[in-house]
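Single-structure report; data block below.
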Amino acid sequence: MRLASPNYVRQRIAEFGPTRDRPFVLGLPTGSTPVDVYWQLVDFYKRGELSFRNVVVFSTDEYVGLPRAHPESNCSFMHRHLYDHIDLRPENINMLDGNADDLAAECRRYEDKIALVGGIELFLGGAGSDGHIAFNEPGSSLGSVTRAKTLAYETVLANARFFAGDVDRVPKLALTVGVGTIRAAREVLLMITGAHKAVALAKCIEGGVNHMWTVSAVQLHPSALVVCDEDATLELHVKTVRYFKSIEQVQEQLIGRENIGVRGSISRLSRSSAHATGSALSTGGDMSLAHSDGGDDDDD
Amino acid sequence: MPSISDPVTQFYNCRVLRGHALVEDSLYMQGGKIVDPARVFWDERRRPDVRIDCKGGIVSPGFIDVQINGAYGYDFSNDTAEIEDAVRNVSRGLLLQGCTAYCPTTVSSRPDVYRTVLPHLGPRAGSVENGAAVLGAHVEGPFISPHKKGAHELATLRTAARGLADFDACYGLENLRRHAAYVTVAPEVEGVLDAIPELIAATGVGVALGHTNATTDVVTRAHAGGAGMVTHLFNAMHAFHQRDPGLVGLLGSAGPRPFYGIICDGVHVHPHSVRIAYYAHPEGACLVTDAMSAQSLPNGRYKIGEMDVDVHGGHAYIQGTDTFAGSTATLAECVRNFIKFTGASQVEALENATLHPAQMLGIADRKGTLEHGADADVLILDAGLHVQRVFIGGVEATPDNVHVSEKKLPVS
C-alpha cells in the first residue's frame with residue numbers, strides 16, 4: 001500500500017513527460033490517507049527520482065472562514081506535508097480561497113482555471129466513511145461543479161480530531177470541487193484504506209451510482225483506479241475481491257508486464273503465455289482495483 | 001520587519017530546536033528575522049533564495065551569556081581607557097564562539113569607573129561588524145558582602161544606608177537605566193533589601209542576588225521584593241545548610257523560584273552539585289561562563305591588571321601555582337559539560353544557554369528562541385553540540401568577516 005499510489009503517480013508523470021507548456025495537472029486531496037503518499041512523493045523528489053517543476057496542482061477543497069495561517073487549513077496542510085519539500089513552482093499551485101469576499105465567484109474562478117490549463121490529468125482522492133469524495137457530502141449532485149458545501153455531521157465528527165476534539169471549532173462550510181469536476185478529470189485514483197472505510201468502498205464498487213455515496217460516481221468514469229488494503233475490502237463480496245485479484249494474476253501470466261501500459265491499456269498477449277486463447281480482453285473502459293497488502297510493493 | 005524584497009534563506013536537512021524539542025524541520029529567515037515559511041510561501045509566492053544544507057546538524061538559537069567579565073585579554077572593569085576596543089573585540093570573539101548576545105559584566109568598582117564604563121556597555125545590536133549583541137551591562141557589586149567578595153576588591157564595597165540615594169551616588173540611576181540589564185546585590189548589606197523594589201521602579205533594571213551571606217529569611221524577602229535571579233549559584237554564598245538553606249535553598253521554594261546562573265566549567269561547581277541544583281529547578285537554569293580576560297588567549301604568560309597569569313591547557317592559572325585565576329570556559333563548552341554532569345537532554349542543555357537567559361532578561365520574544373519574529377541569531381551545531389556555523393541577524397559570521405584582535409598584554 002505504501003508504495004502503490006506514489007509509484008503510480010511517479011510513473012504517470014514520467015510517462016507523460018511534462019514541459020512548461022504542457023504541464024501535468026494533478027488534483028490533490030487532504031486527510032490522513034494522503035499524508036503517507038505525500039511523504040513518499042517527497043522522498044522520490046529528494047532522491048532525484050521525481051521532479052514537480054512542470055506539475056500544476058489543484059487542491060480539492062478548503063474550509064470556509066478558517067484563516068489561511070490556521071494549522072488545520074488545507075493550505076497549511078498541503079504546505080506542511082508536500083509543498084514545502086518539493087520543487088513545485090508556487091505559481092503552479094491552485095488553492096481554493098475559503099476567505100474570499102464572493103465565494104461563488106471564487107468557485108467559478110477555480111473551474112475556469114482548471115479549464116485554462118487544459119483540465120486535470122490525474123485526480124487523487126480518498127473517500128470519507130460516509131462515501132463522500134472531496135467534500136461532496138451525501139446528497140450532492142453527481143454533476144456538481146466547484147461550490148460551497150455544508151459539511152455533514154459525520155464529516156464534522158471525523159474532522160474534530162484536528163481541532164482538539166472540539167466539534168464546535170470545526171468549520172461547518174467548505175468550498176469543494178464538484179463530483180462533475182472529478183468526473184471531468186482524465187483519470188481518477190482513489191485511495192481507500194482501513195476497516196472504517198469498508199462500507200464506503202462496498203458502496204463505491206458494488207452499490208449503484210448513488211448521490212448518497214458520491215464516491216460511487218467513479219463507476220461512470222472511463223479510467224478509474226482504486227487502491228485499497230485488505231481491511232477496506234471487509235464489506236465487499238468475496239466474489240468481487242477474488243475477481244479483482246484474479247485480474248492481477250491474469251496480467252502476470254497471460255499478458256506480461258511489458259505489454260501493459262501505465263494506465264492499464266493492454267497491447268497484446270505475452271508471447272510466452274501457455275494459455276493463449278485468442279479471445280480479446282477488453283481494453284480500457286474498465287475500472288481496475290489494485291489491491292495491496294501492507295508489505296507488498298505492487299505498482300499498478 | 002522583513003520587506004518583500006529581502007532574500008529568503010532556508011536551513012534544511014536539520015533538526016530545529018522548537019517547542020522544547022528537536023524537530024526535523026526547516027528554518028526560514030528573511031530580513032534578519034526568523035519568518036513563517038507558510039506566510040512567505042502564500043503571501044509572496046516564492047521559494048527560498050538561499051538554501052543551506054545543515055548536513056543533519058542541529059539548528060539552535062545563538063547562545064546568550066549573562067555573566068562574562070572579559071576575554072581576549074580585555075576586562076570590562078579595568079580597561080577603562082580602551083573600553084570601546086574591549087567591547088568590540090570581545091563581542092566579535094564571542095560571536096565566532098557561538099555566543100550571539102551577552103551582558104558584559106563589571107566587578108565592584110569605584111563610582112568614576114561606572115561613570116566612564118557603563119555608557120559603553122549599554123545595549124547595542126549584534127552584526128558581523130559589531131559582533132555579538134550587547135544586552136546591557138551586568139553590574140556585579142559593589143553592594144555586596146565583604147565576607148563573600150570572591151575576587152572583588154574590598155575597598156570598593158559599600159553599603160546603602162541612604163537607600164536609593166547611595167545607588168545613585170555609586171552608579172548614577174540614569175546610567176543604570178540606560179545601560180544596565182541587571183545588578184547583583186547582597187540583600188543583607190545595610191539598606192539593600194528595602195532599596196530593591198525602589199531600584200527596580202526607578203531604573204527598570206533586573207536585580208540578582210549574589211556574593212552574599214544572607215539567611216533564608218532575608219533572601220526570601222529579597223526575592224519577593226523583585227530579585228528574580230541568583231548570580232553564579234553556589235559560588236560566593238554560604239553553603240547549603242539543611243535548616244538555613246539560604247540563597248541555594250530558593251531553588252527548593254514552594255512558591256515562585258528564581259532564575260540562577262551556574263558555571264559549568266567543572267571547576268567552580270562540582271558536577272554533583274550541578275545535578276542536584278538542576279533537578280531541583282530545571283526551568284530556572286542559566287548557563288554562564290563568568291569568564292575573565294584570559295579566556296581565548298593563546299598559551300603563554302601574561303600580566304593582566306595586577307595579576308600574573310599562566311595560560312595553558314585551556315585554563316588560566318595564577319602564575320607558578322595550580323590555582324585557577326578564573327573561568328576561561330566558553331558557553332559552548334559549558335553546554336556540553338552540563339549534559340555530562342546531569343544526563344539532561346540536548347534540548348534542556350541548549351535552552352539553558354538560550355531560552356532561559358532570554359526569559360531572565362525579559363527578551364524571549366526576540367532572543368534565545370527560533371519562534372517566528374525572533375532575531376535570526378542562529379547556530380548550526382553538530383550532533384556533539386560543537387558549533388559549526390554562526391549567523392547573526394541572518395548573516396553568517398566567519399573568521400573572514402569578523403576580525404578579533406586580542407589585547408596587547410605585557411608578557412610576565
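What's counted below: heavy atoms across the whole structure, side chains too, no hydrogens, waters or symmetry copies. Given the structure is predicted, the values throughout are model-derived calculations rather than measurements. Chain identifiers are assigned alphabetically (A, B, ...) following the order of the sequence lines, protein sequences preceding nucleic acid strands; residue numbering begins at 1 within each chain.
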Flag yes if more than 12 heavy atoms outside [X] fall under 6.0 Å of its [atom1] atom; otherwise flag no.
X: A:E15; atom1: CD; value: yes
X: A:D101; atom1: CG; value: no
X: A:R20; atom1: CZ; value: no

- Would you indicate whether the side-chain heavy atoms of A:P90 and B:R46 approach each other to under 4.5 Å? no

- Message: Return the CZ to CG distance between B:F41 and A:L88, rounded to the nearest 0.5 Å.
- Response: 6.5 Å

- Message: Main chain of A:R89, side chain of B:R45: is a donor-acceptor contact present, judged purely on distance under 3.5 Å?
- Response: no

- Message: Taking B:A38's backbone N and O only, do any of them form a donor-acceptor pair with A:R68's side chain (distance below 3.5 Å, no angle check)?
- Response: no

- Message: Testing the basics here: between A:H85 and B:R47, what is the closest heavy-atom pair and its distance to 0.1 Å?
- Response: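 Taking A:H85 first and B:R47 second, the nearest heavy atoms are N-NH2, 4.5 Å.
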
